[in-house]
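Note sheet for the following structure.
Just so it is clear, the values below take in all heavy atoms, side chains as well, and ignore hydrogens, waters and symmetry mates. These numbers were taken from a predicted model, which means no experiment stands behind them.
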Amino acid sequence: MSAQLLEAFLAEARELLEQIGTLALELEQQGQDADLINSLFRAVHTLKGGSGLFDIVPFTQVVHAAEDILSQVREGQLELTPEHMDQLLSAMDQIGFWLDQLESSGTLDDQAPAISERFTLALRSILGGGGDSAPSDSAAESEEAAPDAPPDWLLRVPEAKRTELAQQGNCIAILYTPDEQCFFQGHDPLLTINTLPNLAWWQIAAREPWPELEAFDPYRCVLGILALSQAPLEDVRHHLRYVSDQIELSIVAASDLDPDATPAAAPTVEDAPEVSDQELPDDQTLNATTQLVLELLQEQRDCLRAQVVPELWTGRVASVGAVLRHLLTVLNHEDLIAQLPEALAQSTANSGQAAALLEMINQALERSRPPAPQPSPEPALEAAASAETPTEPEPTTERRQTQPAAGKDDNRQRVLKVDAERIDTLMDLVGELIVAKNALPFLARRAVEEFKIRPLSKEIKGHFNILNRIAEEMQGAVMQVRMIPVGTAFQRFPRLVRDISRKLGKQVQLELQGEDTEADKNVVSDLSDPLIHLVRNALDHGIETPSERIESGKPPTGRIRIKAHQQEDRVLIEINDDGRGMDPTVLKRKAYEKGLLTEEALERLTDQEALQLIFAAGFSTAESISDLSGRGVGMDVVRNAVQRASGDIILDSTLGLGTTVRLSLPLSMTVTQVMIIRVGDEDFGVIFDTVRETLRLPQNEVQRIKQHEAIILRERLLPLHRLDHLLGLPETSPQQGDLSVLVVGVGSTDFALVVDDVREGVDVILKPLEGVMSSFPLYAGTALLGDGRVLLVLNLKELLQCL
Amino acid sequence: MPVRYLRDIARLEGVCAVEDAESLLEWLHEHPDGKLNFKDCEHLHSAVLQVIMAMQPCVAACPRAGTPIAAVMDALFDDADTD
């Protein structure tokens with residue numbers, strides 16, 4: 001199993017699964033919509049086709065069962081109930097699980113066959129009784145080994161072969177119409193058929209005329225294969241299991257094979273666009289030579305009708321002419337021989353047009369026919385010949401509709417799928433470029449200070465500006481590439497809401513808004529888990545049961561609205577429910593009971609602040625722990641996840657009216673603005689967003705409250721801390737003169753920090769701490785400065801907790 | 001080396017894989033009189049066969065009887081031996 005192929009399959013399969021999930025839910029909401037069913041069927045069908053490439057039979061079986069169900073739904077034989085949908089969706093979940101397994105280990109585990117069995121049985125039990133219209137083998141399964149009506153093309157099998165086969169009992173007729181894209185899926189139809197067990201006879205032909213040389217695509221399979229096998233049905237089916245959707249199997253009774261039993265006018269003659277082999281009089285009165293000659297005549301006719309490139313036409317006509325001359329001599333048709341040169345000349349002149357020759361052949365056939373049952377219907381010969389080759393298998397058109405690949409080619413040029421890792425590499429490179437670029441101002445300064453060449457310094461600065469602009473544009477462009485719609489994080493919600501509300505017996509309507517708001521892919525993926533948790537919470541704790549809702553005068557169906565929009569350089573996401581809301585006094589009491597708050601703290605808390613208590617670790621308001629949201633991990637996990645993505649989370653609730661959770665996240669996390677501050681001899685970074693303001697303050701404005709220092713700023717008392725103390729650095733704060741003060745805010749807490757100096761702000765790529773340093777949560781990360789120094793960026797939230 | 005292109009003969013040897021279809025098509029395009037030698041051919045990928053069916057080149061040597069490719073030729077019967 002090629003790793004690359006598997007990778008491609010996994011990516012495609014995940015996409016399909018997502019599509020299947022969305023479509024299934026839409027289908028459930030909108031009822032039996034034919035388009036939806038078709039798309040759903042096609043997605044499942046493609047998934048099945050892809051899985052056939054790998055040795056993952058349990059996987060394929062489950063998908064196949066799902067496909068059969070959808071096929072019946074499509075035929076209108078089955079109506080999907082929510083219970084059916086549950087089955088179908090849980091089967092798809094299993095498929096998703098298996099995909100993960102395939103990705104990690106490259107194969108399915110030992111339990112897969114048993115699990116597959118269970119799912120397949122469950123799905124098959126949905127299938128209605130009228131299974132005969134299900135595609136491919138499910139139909140055959142129900143019929144077991146009873147012979148079918150013989151396929152039309154059986155008459156193509158040479159008589160001798162048929163007689164021979166008939167003596168050996170029933171056989172299986174296989175019509176194999178390979179998918180046009182089958183070469184790309186690794187199929188070799190020829191090999192598949194050639195290795196068929198007990199292959200008795202086969203024929204291969206193009207199912208459409210060969211196109212012009214220029215247009216001919218050798219990798220688009222247009223072959224059709226007819227085959228007869230005498231192996232048991234099971235063996236044949238097993239052999240063809242990976243292409244089962246491209247196969248039509250039928251069991252042919254020995255009596256149908258025997259040419260003597262074949263009625264002279266086969267039932268298909270009228271329907272067939274062409275008269276083919278059966279017009280050969282299989283009459284005993286004809287002797288063997290005449291029989292052969294007639295066969296040869298027909299061959300010549302087929303040969304003339306077959307498509308050919310213009311260059312070869314003359315040669316073909318000449319060779320047909322030579323054969324005809326001999327055949328006519330054997331048949332003693334002197335008059336026709338006389339006409340031959342003229343017909344040849346005419347046919348040679350018009351490429352592709354052999355009307356005269358064909359007419360002659362028909363005449364010859366006509367004359368040799370003993371009282372023919374029917375004159376050969378030949379008038380529209382050329383037209384028909386150019387339209388279709390005689391071996392065209394019928395169902396090609398129908399098959400092609402089920403091909404999802406049709407539109408793909410068009411998209412390929414416009415949308416490029418790139419491995420996220422490559423984009424990350426590109427981003428890293430841009431980051432390095434920015435750092436390298438930042439080195440230039442240092443160089444310019446050195447040019448003046450050390451080498452005293454002011455003009456050079458100017459020139460360097462000029463180049464820096466150009467480079468700066470390009471680097472910034474490039475950064476913007478790469479960030480644009482990394483932007484994905486926030487909606488991708490919403491995709492799982494419709495399913496989630498459906499499942500949970502069904503489980504809880506609540507009626508919930510989910511509204512999604514602003515799904516196309518874009519944010520960096522890391523932000524979106526970091527968002528997805530906290531969001532799920534919040535939606536779960538809203539469903540579990542927020543929305544009431546229909547009866548409770550009616551009692552409180554609300555409509556029985558609850559509403560959860562998820563809204564995303566962009567505000568400056570942040571994405572705001574709101575999860576709003578119209579459920580029972582939260583009571584701040586209850587929250588306060590709980591927090592006190594759990595020992596999260598002291599009594600005095602409780603008194604000081606505003607209602608708004610009390611609501612935020614829900615984010616405290618170890619806080620859970622649900623009376624009973626349900627399996628949905630009360631798993632011990634509470635809202636604190638959500639808050640941590642959001643904060644890890646440098647986001648904020650705020651909760652707002654009105655008792656009885658509902659709860660709103662607001663998330664605010666940066667659009668992109670790749671480049672961070674930090675402010676450089678100096679403490680003693682060291683520089684540190686402070687993330688710009690947390691800096692409220694910087695000020696210089698006379699020493700005497702520092703107030704002392706017991707052993708704590710504080711300042712009053714615009715009538716607000718702010719605790720003051722000295723950073724050198726906090727970091728354990730030697731005391732450097734000047735005893736005289738003004739203090740450099742940085743007012744910072746973490747969450748809703750503001751405080752002031754005394755530093756030695758406030759420097760410039762820079763754009764940096766913040767790298768998380770690694771190795772030994774990763775155990776110091778005091779630092780948010782490191783960044784490389786333009787002059788090559790490493791800057792430690794402070795984690796103020798952690799700092800706050802040390803106070 | 002499943003297909004060896006000589007001056008006006010292409011020798012198909014061993015198992016001709018799907019990738020050979022394109023080069024064979026090109027070669028046949030450039031050598032309209034090119035002949036194919038199947039003597040040492042064991043199997044043709046369907047895509048290669050498709051090219052041969054579409055281009056109908058002359059056959060310099062038939063495959064050995066009993067090989068899978070001989071069966072393919074039988075299944076095709078009339079396409080390869082016209083002159």
Side-chain angles (χ1 to χ4, degrees), chain A residues 158 161 176 178 182-196 199 201-223 225-227 296 298-300 302-304 306-313 315-316 318-320 322-323 389 391, chain B residues 2-3 5 8 10 12 14-36 38 41-59 63-83:
Chain A
K161 192 80 204 175
Y176 179 13
C182 72
F183 295 157
F184 295 104
Q185 293 157 9
H187 292 308
D188 183 355
L190 214 50
L191 188 66
T192 311
I193 289 295
N194 217 347
T195 52
L196 198 70
L199 180 64
W201 171 89
W202 63 300
Q203 193 184 48
I204 186 163
R207 52 186 195 233
E208 54 187 69
W210 297 110
E212 288 300 307
L213 204 52
E214 290 74 28
F216 177 56
D217 176 4
Y219 294 127
R220 190 175 73 97
C221 182
V222 292
L223 297 173
I225 297 175
L226 307 172
L296 281 170
Q298 284 206 327
E299 300 278 289
Q300 301 310 309
D302 289 347
C303 182
L304 284 176
Q307 286 288 307
V308 65
V309 283
E311 300 92 83
L312 296 180
W313 176 253
R316 179 173 289 190
S319 75
V320 168
V323 177
T389 47
T391 35
Chain B
V3 186
Y5 299 102
D8 58 352
L12 286 75
V15 176
C16 295
V18 63
E19 305 85 48
D20 295 316
E22 201 155 17
S23 61
L24 184 66
L25 178 66
E26 244 164 61
W27 186 80
L28 284 173
H29 191 35
E30 284 159 20
H31 303 79
D33 297 326
K35 296 189 173 83
L36 299 187
F38 290 99
C41 183
E42 281 154 29
H43 175 70
L44 286 180
H45 190 278
S46 311
V48 180
L49 179 80
Q50 220 178 222
V51 169
I52 298 174
M53 286 169 76
M55 302 292 290
Q56 308 198 337
C58 296
V59 174
R64 284 178 223 266
T67 52
I69 181 63
V72 173
M73 287 300 168
D74 286 347
L76 262 175
F77 57 89
D78 58 350
D79 265 83
D81 53 12
T82 40
D83 211 351

Contacts of Y219(A) that satisfy ring pair (Phe, Tyr, Trp, His ring centres under 6.0 Å) - sequence neighbours left out:
none
Which distance, rounded to the nearest 0.5 Å, do you find between the CZ of F216(A) and the CE of M55(B)?
8.0 Å
What's the separation between atom CG in D217(A) and atom CG in L25(B), rounded to the nearest 0.5 Å?
9.0 Å
In terms of heavy-atom pairs under 4.5 Å with chain B, the winner among D188(A), I193(A), L191(A) is D188(A)
Taking all non-hydrogen atoms of both residues into account, name the closest pair between P189(A) and S46(B) and its distance.
CD-OG, 2.9 Å
Rounded to the nearest 0.5 Å, the CG atom of L49(B) sits from the CG atom of L223(A) at a distance of 6.0 Å
Heavy-atom closest pair (Q50(B) atom, C221(A) atom, distance to 0.1 Å) is OE1-CA, 3.2 Å
